[in-house]
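Nothing fancy with the numbering, it's 1 onward along the sequence.
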Amino acid sequence: MTAMNKFSVKTVITDHLKTFYNYRVSLPPSNVNISNIIWPCLLIPVAISIAMIVLQGKISSSFVSIVTTTLSIFSAFLFNAIILVFEASRKEQARNDCDHQRILFFKQFTYNVSFAILISLTLLVILIIYSQLGEILYWPEIFSFISYYLLALFLSTMFMVLKRSQAFLNITMSP
């Protein structure tokens with residue numbers, strides 16, 4: 001394994017995208033419908049970003065401060081969530097009557113949370129760069145657009161994680 005492979009985030013992104021399939025019809029992850037990816041990952045965040053640029057313009061220093069603090073807290077929470085899911089998955093695999101549906105949920109939940117952490121860290125880096133170099137940047141609107149986009153993508157991913165958690169609880173707690 002080369003040094004660059006240790007820093008590659010390609011598998012985090014591709015594994016997250018593989019979770020976009022319809023559970024109700026039980027299609028395998030290889031049958032991911034591209035429209036299921038375009039709406040939550042591209043069109044909605046782009047629309048929100050454009051609206052924010054039109055309404056707010058470039059991001060303010062108070063926005064950078066609030067989002068940086070919030071994302072730092074969320075990142076720590078998400079790392080803890082991965083650890084908890086890993087422990088629950090290990091316990092599930094150790095059981096004699098291991099439920100493969102739960103194991104699949106644990107994997108996909110981990111993929112989604114890992115993607116949310118990746119977005120969070122990327123946005124944190126961009127906001128730190130913007131806060132330090134905001135005065136000398138040629139196009140602060142581009143940094144603002146990217147920041148708004150990543151924030152909207154992060155929120156849509158968190159809603160997806162929340163929905164997936166709720167669905168899992170409904171399956172687990174049903175009589």
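Closest non-hydrogen pair, I53 versus E141, comes out as CD1-O, 3.8 Å. Among all heavy-atom pairs drawn from I126 and L150, the shortest one is CD1-CD1, 3.6 Å. Nearest heavy-atom pair across S120 and F154 is CB-CE1, 4.0 Å. Counting all heavy atoms, side chain and backbone alike, V85 lies closest to F106 at CG1-O, 3.7 Å. Heavy atoms only, all atoms of each residue included: A116 and M158 are closest at CB-SD, 4.0 Å. The two atoms that bring V64 and L127 nearest to each other are CG1-O, 3.8 Å, heavy atoms only.
Side-chain atoms of I117 and F79, non-hydrogen and from C-beta on, do get closer than 4.5 Å to each other. Side-chain contact between H16 and T157 is present, with at least one heavy-atom pair separated by less than 4.5 Å. Using a 4.5 Å heavy-atom cutoff, the side chains of Y111 and V12 are not in contact. At a threshold of 4.5 Å between non-hydrogen side-chain atoms, the residues T69 and F74 do not count as touching.
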Discussion item. Quick one, Q56 with F63, criterion side-chain contact (heavy atoms from CB on, under 4.5 Å). Give me CA distance, side-chain angles, the key distance, then yes/no.
Written reply: CA-CA 11 Å; Q56 295 286 7; F63 177 84; over 6 Å; no
Worksheet item: Would I73 and F77 count as a side-chain contact (heavy atoms from CB on, under 4.5 Å) if you check the C-alpha gap in whole Å, the side-chain angles of each, and the deciding distance to 0.1 Å?
Response: CA-CA 6 Å; I73 294 168; F77 164 73; 5.6 Å; no
Practice prompt. Determine, stepwise, if the pair I50 / F145 fulfils side-chain contact (heavy atoms from CB on, under 4.5 Å).
Written response: CA-CA 7 Å; I50 291 171; F145 178 82; 3.8 Å; yes
Item to complete: Start with the C-alpha distance between S114 and D15, add both sets of side-chain angles, then the distance that settles side-chain contact (heavy atoms from CB on, under 4.5 Å), and finish with yes or no.
Response: CA-CA 9 Å; S114 297; D15 288 344; over 6 Å; no
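Of the possible polar contacts, none joining the T68 side chain to the S65 backbone as a donor-acceptor pair under 3.5 Å is found. Between the side chain of Y130 and the backbone N or O of I59 there is at least one donor-acceptor pair closer than 3.5 Å.
Clustering ILVMFWY residues whenever any of their side-chain heavy atoms sit less than 4.5 angstrom apart, transitively, puts L133 in a cluster other than the one holding I128. Follow the hydrophobic side-chain contacts under 4.5 Å out from M160 and you never reach L162; the two are in separate clusters. Hydrophobic clustering, with ILVMFWY side chains joined whenever heavy atoms are under 4.5 angstrom apart, keeps F159 apart from L78. Cluster annotation: I48 is connected to V54 through the hydrophobic network of ILVMFWY side chains, with a link wherever side-chain heavy atoms come within less than 4.5 Å. I66 and I129 are assigned to two separate hydrophobic clusters, defined by single-linkage of ILVMFWY side chains at heavy-atom distances under 4.5 Å.
Between S75 atom OG and L124 atom CG the span is 5.5 Å, to the nearest 0.5 Å. Considering OH of Y148 and OG of S49, their distance stands at 9.0 Å, rounded to 0.5 Å. Rounding to the nearest 0.5 angstrom, the gap separating the OG atom in S147 from the NZ atom in K58 is 12.5 Å. L153 CG to T122 OG1: the interatomic distance, rounded to the nearest 0.5 Å, is 10.0 Å. The CG atom of L151 lies 10.0 Å from the CD1 atom of I119; values are rounded to the nearest 0.5 Å. In this structure, E87 CD and K91 NZ are separated by 6.5 Å, a value rounded to the nearest 0.5 Å.
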